[in-house]
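Accompanying notes for the structure given below.
To find a chain, count down the sequence lines: A is the first, B the second, and so on, and within it residues start at 1.
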Amino acid sequence: MKLQHGILLMVMLFLAACSTPTPTGPSITVQEPWSRPAVSGEMSGVGGIFMTLFNAGETADRLIAARSDVAATVELHETIMENDVMKMRPVPAIEIPAGGQVELKPGRYHIMLIGLKQELQPGDKIKVTLTFEQSGEMTIEAEVRAP
Amino acid sequence: MARWTRRLYPWLLAVLFLAACGSRPPAFKGTVLNPPKTATDFTLTDQTGQPFTLNAQQGSVVLLYFGYTACPDVCPTTLGTWKQVAEQLGADAARVRFVFVTVDPERDTVEQLGRYLPLFSPDFVGLTGTPEALEPVYQAYAVYHQKVLRADSALGYLVDHTATTYVIDPTGTWRLLESYGTPAEDIVHDVQLLLK
């Protein structure tokens with residue numbers, strides 16, 4: 001009896017050790033990046049890029065920067081609605097939770113293009129390079145959709 | 001008749017009565033101003049550089065929105081909704097004025113509005129003016145607008161603002177408020193009621 005218990009305990013410990021591997025790193029995918037038509041201009045030309053970021057990994061990651069050849073500056077912005085008043089604020093990072101997703105959509109987050117060097121027309125594809133804290137850089141193509 | 005059925009009747013009646021109340025559609029989808037107010041008149045400059053006077057629009061429904069062109073999120077969403085409203089209204093759209101008033105006259109010049117509005121529709125009106133001309137308009141419609149300086153943005157400043165659409169009927173009476181995110185179908189419904 002005692003020996004059997006001992007063996008059982010060892011098997012259980014072994015199985016437990018197997019089922020708790022070290023967590024995998026973040027695994028980011030981007031779904032449906034899109035943008036709105038916009039006018040060009042050093043100050044007046046601005047645009048917003050929207051998408052859903054998925055993280056299939058077991059560690060959270062953060063989008064910390066973005067850049068694009070079409071704009072002088074690219075920032076991460078958040079929109080806050082309070083009593084039908086709109087507030088837009090730059091944010092230092094957007095977190096993508098482990099095994100979760102974050103939507104960059106109107107009324108929530110967007111990637112803000114400032115100082116557009118070209119007009120954004122429906123059908124255009126804009127290349128944007130995203131920088132993640134853990135996962136490094138990823139270049140995506142956002143399609144300009146008609147309003 | 002079985003006794004249990006008879007006992008059920010008052011309940012059945014009550015349920016039918018409540019269902020009848022619930023199924024009566026409210027006249028308007030938007031928030032009704034009660035009592036309605038005479039829409040305060042104003043004259044500002046449109047995107048072609050011509051004066052635009054609110055009272056001259058009587059006979060049409062006016063949708064009034066306050067925003068700025070450097071806003072890439074809420075403002076284009078509303079203008080995109082308006083585009084759908086115009087499409088769904090069909091011929092009736094000719095009796096509706098879609099009016100976008102800037103809360104950022106510093107950046108939203110006549111020229112800037114002239115480039116921006118056609119992204120959505122050649123028929124939309126964009127209005128700007130001096131701060132002195134715009135301020136009484138903001139006050140008349142209780143438009144919250146606050147310039148927020150941000151050193152961490154290349155824009156330098158952002159503008160917090162009310163994102164509501166104001167609805168004025170063909171007699172020049174301010175009747176409704178449509179909050180941000182109101183679907184095009186609901187606005188079409190309300191506009192059609194006002195055009196009757």
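Note on B:Q146, B:R107, B:R150: by heavy-atom pairs under 4.5 Å with chain A, the leading option is B:R150. For chain A, the option among B:V148, B:T81, B:V143, B:L177 with the highest count of heavy-atom pairs below 4.5 Å is B:V148. With respect to chain A, the highest number of heavy-atom pairs below 4.5 Å among B:L155, B:T162, B:T69 belongs to B:L155. In terms of non-hydrogen atom pairs under 4.5 Å with chain B, the most contact-rich of A:M86, A:M43, A:H77, A:K87 is A:M86. Taking chain A as the reference chain and counting heavy-atom pairs below 4.5 Å, the highest number among B:S179, B:G80, B:G67 is found for B:S179. Of the listed residues B:C71, B:G156, B:P118, B:A154, the one with more heavy-atom pairs under 4.5 angstrom with chain A than any other is B:A154. If you tally non-hydrogen atom pairs under 4.5 Å between each of A:P122, A:S40, A:P37 and chain B, the highest count goes to A:S40.
Closest non-hydrogen pair, B:R95 versus B:G59, comes out as NE-O, 4.3 Å. The two residues A:A60 and A:Q134 make their nearest non-hydrogen contact at O-CG, 3.9 Å.
With a threshold of 4.5 angstrom between heavy atoms, A:R89 approaches chain B through its backbone and through its side chain. Using a 4.5 Å cut-off between heavy atoms, A:M112 touches chain B through its side chain atoms alone. Only the side chain of B:L158 comes within contact range of chain A, judged by heavy atoms closer than 4.5 Å. Contacts between A:V46 and chain B at a heavy-atom distance below 4.5 Å involve the side chain alone, from C-beta outward. With a 4.5 angstrom heavy-atom cutoff, A:S44 touches chain B via backbone and side-chain atoms both.
Geometric assessment of A:K105 against the ring of A:F50 yields a negative cation-pi assignment under the 6.0 Å and 45° thresholds.
Between B:Y141 and B:W174, the gap from one ring centroid to the other is short of 6.0 Å. For an aromatic pair to be called close, the ring centres must be under 6.0 Å apart, and B:H161 with B:H145 fails this. When ring centroids are compared, B:Y138 and B:Y144 stay outside the 6.0 Å threshold.
For the side chain to side chain contact (heavy atoms under 4.5 Å, CB included) test with A:S35, the passing option among A:V70, A:L120, A:V128 is A:L120; the others fail.
Under 4.0 Å is where a charged nitrogen must lie from a carboxylate oxygen, and between B:D190 and B:K29 no such pair does.
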